[in-house]
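Here's the structure we're looking at; comments come further down.
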Amino acid sequence: MDKYEKIMNLAKRRGFIYPSFEIYGGAAGLYSYGPLGTLLKENVKNLWRYFYVLNEGFIEIDTPTLTPFEVLKASGHVDEFTDLKAFCKKCKKSYKAEDVKRGDKLVCPSCGGEIKETSQMNLMFSTILGEDRKAFLRPETAQGIFTDFHLLYRFVREKMPFGVAQIGKGYRNEISPRQGVIRLREFSMAEVEVFYDPKNMNMDPSNLKGELPLVVDGEVKKMDLKEAVEKGIIEHPALAYHILLAYKFMVACGIDDEKIRVRKHRKDELAHYAKECWDIESYSERFGWVECVGIADRSAYDLTAHTKASGVDLCASRRGEGRIKKKIVAKLNVLGPIFKELTGRIKEELEKMEPPAEKKEITLDVDGKKIVIPEDGYEIVEEKESVERFIPHVIEPSFGIDRIIYFILEHSYVETEKRGEKYNLLRLPAYIAPIKAGVFPLVNDDRLCKIAKEIEREMRLEGLQVFYDDTGSIGRRYARMDEIGTPFCITVDFTTLEDDTVTVRYRDTTEQERIKRKDVPSFIKNQISESLKNIFND
RNA sequence: GCGGGCGUGAUCUAGGGGUAGGAUAAGGGCCUUCCAAGCCCUUUGCCCGGGUUCGAAUCCCGGCGCCCGCACCA
């Protein structure tokens, strides 16, 4: 049995994650989170929020997964995702069917033979809103952010740069989803769209401290980020910063930093919207290097596309450089007496015009009427342009939550021996662990049980997920907690009856210490929050 | 989507045309003063559908799922 199987066995047995709808034979690419998996996933999402919403100060939103056709048409997904591919068995090459169509036959451009084998490449799930409005389940959460850009830009009071985060489901109708939880048809993603002014990134270069294992020319090299930007390996500092942040997040999740690398996309593997893209990959014994995060430079691609398609201006403003612009200003005291009630319309049309080089009579067409404006009916005014409109650029860190959860399990899974017996545990960081503490009476004695149950209740009311257990031997109960990664166990023993102390047992060392019974909730909370704060102290 | 292999409780596995067995886990009880102890009892299963047959978990066909290779992977 390989590690993947062991982990998936554990995951199923202990309620982390397992194939969905199994009583009906299951469905490829669909997995469910059980009770512990749901807690674990929630902790991962909250850690992510800690990074991006709390630490970075990005705003978080929640938009529909059902997305009208026009949105994904504009974004390029309809055309880029819908492809009939023709596969030539002889040449082992595939082509876009429309490129090799000859009459009603598909002909292989390489060998000239007829191609019979085709496959539908549409990766989006289509559906219908109401009677007949075409729609899709979103393939990424990003479009819900782009299409609200104007509202969000106003919400942040028009400051640049700003980030918008979203956690939610995405859907891709994979032709053949192998690789278990690595390739899902419905999956959770956490995405940020960072909007910035390409002429003014507002990036503090001191944020680029540190070396990352970059894959350059197929080789992994530890490289200083500042150097990577200077050498043009990473296109610009904001992109480098987000690569670093995403890397730190992965490590904070408990993923082995020896098994993380950062790889630049080749030109031919870039998504249609991306100008440059870096993947944070993690290594699995079963699957090899797997993409967990993609950090893409989407430039102005999406906002430009949606501005064009919707007609809504998705621009931002920057303080201008004081360019001088001429414009026409109507003199109402002259025009009013001449044109009476038409004056308002005339002013509107007149001021829309490009000013003439020299002052002269202007002939205007207003609502089908020819109007002649006398030379003294307007002025040409010179104005300094104080704002400039531009379409913001976007950096998008996009996290595959389910893959990250798989890697958390794989990398925290430890096989050891205890008294000659196999002993397995999950070394999850305390803030990731689904259960924070086991609470036990040393033996099944009414007095001890009563106190242990009281402690359990106190901890729950303090917001801690804990697990009370009084069955079997104490060793067995520790083992059960170790297997699901519970970092602490609280045990009530006979000494508790005398001095009101209990033992805290640490998962990774199995060592114990005594603390005051009344301090238990705050002690555990401190342990968790201290380890969380340490993430950013390096 | 193509070719090959596989499908037995929650997990691991034995068997195999005639009442499906074990281990682990789980539940109940006894015992138990710190790391999967012991004893007694108990629950859960042949992927689904069709065919062959007196009788199918077993043989055949189809589907679904999993694994391997090819292809695909925004």
Side-chain angles (χ1 to χ4, degrees), chain A residues 1-2 4-6 8-15 18-30 34 72 75-83 85-89 91-94 116-124 139-140 142 170 172-180 182-185 265 268-274 277 286 290-291 294 296 398 416-425 438 440-445 447-448 470-483 489-497 502-507 509-512 514:
Chain A
M1 209 193 297
D2 78 353
Y4 175 80
E5 286 175 89
K6 288 179 190 169
M8 292 313 284
N9 279 347
L10 168 69
K12 188 172 187 180
R13 246 183 324 108
R14 300 308 307 267
Y18 38 75
S20 302
F21 312 121
E22 259 195 328
I23 66 166
Y24 290 103
L30 301 180
L72 291 156
S75 70
H77 287 82
V78 169
D79 298 314
E80 298 296 330
F81 276 60
T82 310
D83 250 9
K85 285 229 166 157
F87 179 65
C88 180
K89 270 193 159 169
C91 314
K92 300 219 170 209
K93 279 182 185 161
S94 52
K116 291 250 166 76
E117 198 175 321
T118 59
S119 52
Q120 188 65 42
M121 299 302 301
N122 186 346
L123 292 187
M124 290 199 290
E140 55 172 4
R172 293 171 194 189
N173 199 6
E174 301 288 347
I175 295 163
S176 170
R178 306 274 176 88
Q179 305 173 73
I182 298 298
R183 172 150 275 114
L184 299 176
R185 286 192 167 125
H265 274 209
D268 65 335
E269 64 177 321
L270 285 173
H272 66 275
Y273 49 71
C277 184
R286 169 83 155 246
V290 175
E291 170 197 356
S398 173
T416 57
E417 267 198 13
K418 199 164 189 173
R419 310 193 166 182
E421 248 191 288
K422 272 188 197 159
Y423 196 89
N424 304 329
L425 64 154
F440 314 139
L442 180 59
V443 291
N444 204 340
D445 177 290
R447 293 166 299 168
L448 304 188
D470 60 18
T471 61
S473 73
I474 187 74
R476 179 176 218 84
R477 288 176 262 156
Y478 288 146
R480 271 200 280 256
M481 288 294 105
D482 287 344
E483 193 183 28
C489 288
I490 306 295
T491 302
V492 175
D493 57 20
F494 290 97
T495 314
T496 309
L497 298 176
V502 297
T503 64
V504 185
R505 176 231 188 224
Y506 297 90
R507 176 194 64 208
T509 59
T510 77
E511 275 164 16
Q512 298 185 27
R514 295 200 79 87

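Below, chain A is the first sequence line, B the second, and so on; all start at residue 1.
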Rounded to the nearest angstrom, tell me the gap between atom [atom1] in [X] and atom [atom2] in [N].
X: E269(A); N: rC72(B); atom1: CD; atom2: P; result: 13 Å
X: Q179(A); N: rC72(B); atom1: CD; atom2: P; result: 14 Å
X: E291(A); N: rC73(B); atom1: CD; atom2: P; result: 13 Å
X: N9(A); N: rU24(B); atom1: CG; atom2: C1'; result: 12 Å
X: E140(A); N: rC73(B); atom1: CD; atom2: C1'; result: 16 Å
X: L123(A); N: rG1(B); atom1: CG; atom2: C1'; result: 14 Å

Is there side-chain contact between L123(A) and H77(A), with at least one heavy-atom pair below 4.5 Å?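 The answer is no, as the side chains (C-beta and beyond) never meet within the 4.5 Å cut-off.
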Taking the side chain as C-beta and beyond, is there a heavy-atom pair between E140(A) and Y273(A) under 4.5 Å?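 Yes, their side chains come closer than 4.5 Å.
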Please report the C-alpha distance between N9(A) and M1(A) in whole Å, then the side-chain angles of each, then the deciding distance to 0.1 Å, and finally whether the side-chain contact (heavy atoms from CB on, under 4.5 Å) criterion is met. CA-CA 10 Å; N9(A) 279 347; M1(A) 209 193 297; 3.3 Å; yes
Does [N] have a Watson-Crick or wobble mate here (both distances under 3.5 Å), and if so which one?
N: rU32(B); result: none
N: rU19(B); result: none
N: rG9(B); result: none
N: rC70(B); result: rG1(B)

Identify the residue among L442(A), V443(A), D493(A) that makes a side chain to side chain contact (heavy atoms under 4.5 Å, CB included) with I474(A).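 Among L442(A), V443(A), D493(A), the one meeting side chain to side chain contact (heavy atoms under 4.5 Å, CB included) with I474(A) is L442(A).
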Pick out the pairs of N or O atoms, protein on one side and nucleotides 32-36 of chain B on the other, that lie under 3.5 Å.
unit_1	atom_1	unit_2	atom_2	d
rU32(B)	O4	N444(A)	N	3.2
rC34(B)	O2	Y478(A)	OH	2.5
rC34(B)	O2	Q512(A)	NE2	2.7
rC34(B)	N3	Y478(A)	OH	3.3
rC34(B)	N3	Q512(A)	OE1	3.2
rC34(B)	N4	D493(A)	OD2	2.9
rC34(B)	N4	T503(A)	OG1	3.1
rC35(B)	O2'	K418(A)	NZ	3.2
rC35(B)	O2	K418(A)	NZ	2.8
rC35(B)	O2	R505(A)	NH2	3.0
rC35(B)	N3	R505(A)	NE	2.9
rC35(B)	N3	R505(A)	NH2	3.3
rC35(B)	N4	R505(A)	NE	3.4
rC35(B)	N4	T510(A)	O	2.5
rC35(B)	N4	Q512(A)	NE2	3.1
rA36(B)	O3'	R476(A)	NH1	3.2
rA36(B)	O2'	E421(A)	OE1	3.4

Euclidean distance for [atom1], [N] against [M] (whole angstrom):
N: rG18(B); M: rG4(B); atom1: P; answer: 29 Å
N: rC73(B); M: rC64(B); atom1: P; answer: 23 Å
N: rC41(B); M: rU8(B); atom1: P; answer: 29 Å
N: rA23(B); M: rU32(B); atom1: C1'; answer: 24 Å

Protein-nucleotides 62-66 of chain B N/O pairs closer than 3.5 Å?
unit_1	atom_1	unit_2	atom_2	d
rC64(B)	O2'	G25(A)	O	3.1
rG65(B)	OP1	A28(A)	N	3.4
rG65(B)	O4'	G25(A)	O	3.2

Hey, which sits more toward the 5' end of RNA chain B by its nearest nucleotide, L270(A) or R13(A)?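 Counting from the 5' end, the first nearest nucleotide belongs to R13(A).
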Using heavy atoms to find the nearest nucleotide of RNA chain B for K12(A) and H272(A) separately, return the residue whose nucleotide is more 5′.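 It is K12(A), whose closest nucleotide lies nearer the 5' terminus.
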For [X] and [Y], indicate whether the former's side chain and the latter's backbone hold a donor-acceptor pair under 3.5 Å.
X: R286(A); Y: Q179(A); result: no
X: R507(A); Y: D482(A); result: no
X: T496(A); Y: V502(A); result: no
X: R476(A); Y: T471(A); result: no

